[in-house]
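Per chain, numbering begins at 1; letters A, B, ... match sequence-line order.
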Amino acid sequence: MSEKLILIDGHSILNRAFYGVPDLTNAEGIHTNAMYGFLNILFKFLDEEKPDYITVAFDLSAPTFRHKVFDGYKGTRKPMQPELKQQVPLMKELLKAMNITVVEQEGYEADDILGTIAKESAAKGIDVSIVSGDRDLLQLADEHIKIRIPKTKKGVTEVEDYYPSDVFNLYGVTPHEFIDVKALMGDTSDNIPGAPGVGPKTASAIIQKYHSLDNVFEHLCELKPPKAKISITENVEQIKMSRFLSEIKIDVPIDYKVEDSKAGDFFNENSYELFKKYNFKNMLKKFENTDIIAKDPECYEYFKKISDFADVENVFNKAVDIAGGIEKIGLSIVRENELIAVGITLSDTEIYYIPVSGFVTESYLADRLSDVVSVASNRNIASANIKDYLDIFEKDKINGYPLVSEKAFIDTAIAAYLLHPSNESYDYESLGREFLSLTYPSKTELLGKLSINKAVNEAEDNLIKYACLSSYAYYKCADKITEQLKSENMYELFETIEMPLIFVLFEMQQQGISVDKQALVDYSKVLGTKISVLEKEIYEAAGEEFNINSPKQLGVILFERLGMPNGKKTKSGYSTAADVLEKLAPDYPVVSKILEYRQLAKLKSTYADGLTQYISEDGRIHGTFNQTITATGRISSTEPNLQNIPIRMEMGKAIRKVFVPKDGFVFLDADYSQIELRILAHMSGDEKLIEAYNSSADIHRATAAQVFGVPLEEVTDEQRRNAKAVNFGIIYGMSSFGLSQDLSISRKEAKEYIERYFASYPTIKTFIDGLVSDAKEKGYSLTMYNRRREIPEIKSSNFMQRSFGERVAMNAPIQGTAADIIKLAMINVYNALKEHNLRSRLILQVHDELLVETAEDEVDTVKQIMLDGMKNAVSLKVPLEVDLKEGKDWLEAH
DNA sequence: TTAATCACG
DNA sequence: ACGTACGTGATTAAC
């Protein structure tokens with residue numbers, strides 16, 4: 001077996017990776033997608049070929065000998081995108097860290113280096129594979145040199161391999177003749193002229209016949225077709241030059257010895273650091289069998305399962321001692337329906353797994369955990385997703401509220417969320433990576449698809465690792481996260497808003513909301529009947545039966561069978577979205593029916609039928625409120641989503657009616673009036689807007705009066721509507737296109753509205769410009785309470801991405817501040833209800849709205865509590881107005 | 001699993 | 001010239 005060398009065309013592969021991999025950035029905002037893609041391709045070839053040697057060649061930006069011959073060489077090439085350009089030096093650094101030879105040579109291109117090394121190595125009897133995206137390299141193919149071109153099809157990388165025979169089969173010429181083909185046909189991307197009018201077909205036909213340019217020139221008069229004959233005859237010198245430009249050098253003077261480019265030792269400490277820095281998570285696995293990572297979880301040796309009752313007692317006694325002081329413990333609860341085990345870390349060397357078994361019963365464990373929690377008041381208990389486990393610590397309660405102090409905990413997931421609200425996960429694995437620079441095995445790696453209950457029996461060792469490791473990660477991260485929150489001025493946000501909010505959300509989830517199941521079932525039937533009537537009518541109009549729920553089938557019916565004028569919109573065909581259909585509705589009655597069908601189908605599937613499955617035995621829906629999902633700081637609601645229950649459409653309102661208070665209670669529902677615009681007024685300090693809020697009840701009317709220069713009472717409905725849309729636009733990050741869509745007007749008109757608005761409110765203009773430039777400078781935006789949102793897109797060179805970043809920079813501080821304020825209000829209301837010892841409970845939040853299930857005899861008190869809690873959550877330069885209503889169902893109360 | 005659609009603020 | 005309003009989650013169809 002002869003030895004193998006892999007040669008990689010650095011720029012070509014990096015370029016290919018850049019366009020093939022969606023934009024990625026690491027925590028510092030460095031773009032990493034091209035590097036990531038490059039490495040993927042690299043590893044693929046390494047795995048496949050297991051080469052003895054490896055080398056990567058790069059171009060230098062300096063002019064090469066080809067530029068000296070032809071000034072316009074590569075002259076039409078666009079400059080490299082900055083996101084790609086910044087990755088080039090980093091990629092070289094990465095390769096060097098992996099002990100991969102990087103070659104570049106002034107005056108020459110990577111192709112020439114590759115050619116030289118390939119031929120020299122092949123001469124030494126080494127088998128060479130050249131990896132490139134560029135077909136120009138095919139001329140280098142020979143019996144010992146294979147050209148390998150990776151292609152990405154549907155996310156899967158496939159490779160086209162070229163030996164000389166493959167080149168011949170495809171192009172009918174030998175690799176060497178390929179140079180002459182290119183000389184004739186030219187190359188637009190390199191700006192090589194060739195013979196004008198001669199394309200790839202003609203060029204290869206000619207070379208197939210004559211085999212070399214010299215021979216072609218000798219037979220000029222017999223050339224066919226006539227067009228090529230003329231072109232070639234007239235451009236002999238240009239073709240010769242083109243050939244010179246096209247031929248890859250194989251004798252570049254370089255200081256390179258293949259023996260010095262041994263493949264191996266890719267995964268070392270240097271490369272590990274860089275992989276971590278660039279957040280190449282799944283590639284870190286490659287380091288697993290090296291001693292770099294093997295030594296990482298040094299905590300493993302201290303993991304200990306404890307079942308002996310006396311030992312367990314000792315651990316908890318010690319935990320109580322620690323948690324009652326100022327030191328921390330790490331806590332991980334393992335639960336699936338029932339409590340199964342806890343992982344608990346007392347120090348670097350005391351890491352325990354305590355399963356429920358024998359005398360260690362579930363209730364014993366819960367009691368002892370409560371003991372630990374009840375003595376803690378200095379954020380001694382580091383854990384994650386505390387809300388999900390608060391019920392365990394509920395041993396002592398007052399009026400139904402857990403006695404546990406919020407100051408007992410530090411929730412690492414929530415803390416990590418504040419630092420990077422756009423991350424997708426804040427589990428122990430991510431924490432380890434970010435705060436400890438350690439790569440822990442993930443939950444999936446340890447437990448796979450096993451349920452916890454199964455894992456207890458089938459993979460206990462891994463379950464022990466999981467429980468111990470996560471508690472250890474919380475323990476180790478807590479101080480670092482705290483430190484970082486403090487240095488970023490976010491600790492106050494964490495302490496005064498997010499941590500207390502956990503308890504509010506917990507209580508809301510516990511309470512749930514009562515739903516009239518029978519009403520829901522009845523309504524589902526009504527909807528079902530209406531839907532089948534519409535269905536029949538639609539089939540009749542269409543002339544055939546089809547699945548109306550399938551946008552694909554519907555598109556075919558509407559735009560092909562019924563021949564409606566179509567605007568192709570989506571990737572995979574016609575758009576049948578509501579705004580498209582609404583334009584067609586006046587001309588085609590069936591379209592209105594489809595819209596109605598869609599509306600009813602949605603109501604039935606998502607709400608009437610969808611909600612019933614969430615009704616618990618107590619007749620209530622206990623949804624989940626998530627505190628670490630949104631990029632802006634809002635909370636989100638799942639299983640079910642109680643924040644998108646219908647209200648706008650008439651048919652949908654019936655759904656709201658099924659949400660009812662329990663016997664002896666009523667709903668009190670309060671919502672902020674235009675909180676986001678008020679925040680805008682406050683943050684910008686715009687006197688006119690502030691004045692408008694201080695004097696007028698109708699801000700959109702006031703805006704219209706200001707913008708159109710008419711007295712308040714003369715504002716037309718249309719003017720008010722437009723002003724309202726512009727106000728929304730401001731909050732969303734104004735764009736003329738968006739506004740024009742919303743108002744169904746031209747972009748030009750929309751632009752005029754915006755200009756008029758900014759002319760009327762110059763301070764607002766200055767303010768939002770400031771938001772954008774601040775975000776551009778810092779890479780993130782901030783709310784009034786220092787909530788951060790990272791906006792890497794704002795530095796993109798891609799217009800669309802950058803524009804998006806700019807809109808986010810305008811919106812996030814406003815939407816985020818509103819989120820901060822209502823969170824404060826929730827805490828206020830929760831605390832007041834608790835302090836007054838009331839039976840009434842806060843049960844829902846819908847972004848600017850709070851719903852309290854109120855005992856009938858507490859209505860007056862609660863009204864006051866809600867108004868106070870919401871209006872006085874913060875003092876702005878404008879009043880915070882709250883609309884409060886009482887009702888026997890959610891529709892009536894809203 | 002992803003794309004399209006639509007419910008809410 | 002680029003092609004969009006900001007933030008979510010559930011359902012369905014179709015790969």
Here the side chain to side chain donor-acceptor pair (under 3.5 Å) pairs for residues 651-660 of chain A, sequence neighbours left out, are none
Tell me the interatomic distance from Asp742(A), atom CG, to dC6(C), atom P, rounded to whole angstroms.
13 Å
Using the C1' atom on both, measure dC2(C) against dT5(B) and round to a whole Å.
26 Å
How far does OH of Tyr417(A) sit from OG1 of Thr628(A), to the nearest 0.5 angstrom?
7.0 Å
Using side-chain heavy atoms (C-beta onward) and a distance below 4.5 Å, is Lys795(A) in contact with Glu83(A)?
no
Where chain A begins and ends its contact with DNA chain B, read 5' to 3' at 4.0 Å from heavy atoms
dA4(B) to dG9(B)
Write down the distance separating the P atoms in dT4(C) and dA3(B), rounded off to the nearest Å.
14 Å
Can you give one letter per nucleotide of nucleotides 7-14 of chain C, going 5' to 3': B for a protein heavy atom under 4.0 Å from the base, S for sugar-phosphate only, - for none?
BSBBSSSS
Atom pair distance, as rounded to whole Å: OH in Tyr732(A) and P in dA5(C):
12 Å
Set out, in order, the CA-CA distance, both residues' side-chain angles and the distance that settles side-chain hydrogen bond (donor to acceptor under 3.5 Å, both in side chains) for Gln511(A) and Glu853(A), then state yes or no.
CA-CA 9 Å; Gln511(A) 289 296 325; Glu853(A) 188 172 43; over 6 Å; no
Classify the nucleic acid contact of Ala578(A) as base, sugar-phosphate or nothing, counting any heavy atom under 4.0 Å across all strands shown.
sugar-phosphate
Atom CD of Glu793(A) and atom C1' of dA5(C) are separated, to the nearest Å, by 15 Å
Taking it one step at a time, do Asp769(A) and Lys765(A) satisfy salt bridge (Lys or Arg N to Asp or Glu O under 4.0 Å)?
CA-CA 6 Å; Asp769(A) 285 350; Lys765(A) 171 77 174 148; 3.5 Å; yes
What is the distance, rounded to the nearest whole Å, between atom CZ of Arg807(A) and atom P of dA5(C)?
7 Å
Between dC8(B) and dG3(C), how far apart are the P atoms? Round to whole Å, please.
31 Å
Assign the ring pair Tyr574(A) / Phe559(A) to parallel, tilted or perpendicular, where the plane angle (0 to 90°) is split at 30° and 60°.
tilted
Classify the nucleic acid contact of Ile731(A) as base, sugar-phosphate or nothing, counting any heavy atom under 4.0 Å across all strands shown.
nothing
Expected output: side-chain Ser773(A) to main-chain Gly770(A) donor-acceptor under 3.5 Å
yes
Do Asp820(A) and Thr817(A) pass the side-chain hydrogen bond (donor to acceptor under 3.5 Å, both in side chains) test, and can you show the C-alpha distance, the side-chain angles, and the key distance before you say yes or no?
CA-CA 5 Å; Asp820(A) 296 341; Thr817(A) 300; 4.6 Å; no
Within the structure shown, what part of the strands sits under 4.0 Å from Ala750(A) by heavy-atom distance: base, sugar-phosphate, or nothing?
nothing
Can you measure Ile745(A) atom CD1 to dA5(C) atom P for me and round it to whole angstrom units?
16 Å
Inter-residue atom distance Ile821(A).CD1 - Glu676(A).CD, 0.5 Å rounding:
10.0 Å
Distance in Å, Asp774(A) CG paired with Ser781(A) OG, rounded so as to fall on 0.5 Å steps
9.5 Å
Give one of base, sugar-phosphate or nothing for Arg648(A), where a contact means two heavy atoms less than 4.0 Å apart.
base
Leu876(A) CG to His682(A) NE2 distance, which is reported to the nearest 0.5 Å
5.0 Å
In a table with atom names and distances, give each donor-acceptor pair under 3.5 Å that connects a side chain of residues 751-761 of chain A to protein atoms at least two apart or in another chain.
| residue | atom | partner | partner atom | Å |
| --- | --- | --- | --- | --- |
| Tyr753(A) | OH | Asn722(A) | ND2 | 2.8 |
| Ser760(A) | OG | Arg756(A) | O | 2.9 |

Looking across every strand, which nucleic acid part, if any, lies under 4.0 Å from Ile647(A) by heavy atom: base, sugar-phosphate, or nothing?
sugar-phosphate
Length of the line joining Gln741(A):CD and dC6(C):P, which is rounded to integer Å
12 Å
To the nearest Å, give me how far apart CD (Glu806(A)) and C1' (dC6(C)) are.
15 Å
Atom CE of Met810(A) to atom C1' of dT4(C): distance rounded to whole Å?
11 Å
Do Asp427(A) and Ser425(A) pass the side-chain hydrogen bond (donor to acceptor under 3.5 Å, both in side chains) test, and can you show the C-alpha distance, the side-chain angles, and the key distance before you say yes or no?
CA-CA 6 Å; Asp427(A) 57 17; Ser425(A) 163; 3.2 Å; yes
So is Arg788(A) actually on top of Tyr780(A)'s ring, under 6.0 Å and inside 45° of the axis?
yes
Proximity to DNA chain B (any heavy atom under 4.0 Å), residues of residues 527-538 of chain A only
none
Base, sugar-phosphate, or nothing: which does Glu676(A) touch, judged by heavy atoms less than 4.0 Å apart?
nothing
Given the rule that a pair is Watson-Crick or G-U wobble with both distances under 3.5 Å, how would you write DNA chain C in dot-bracket, using | for pairs to a different strand?
.....|||||||||.
Check for a donor-acceptor pair, side chain of Glu806(A) on one end and backbone N or O of Ile794(A) on the other, with a separation under 3.5 Å.
no
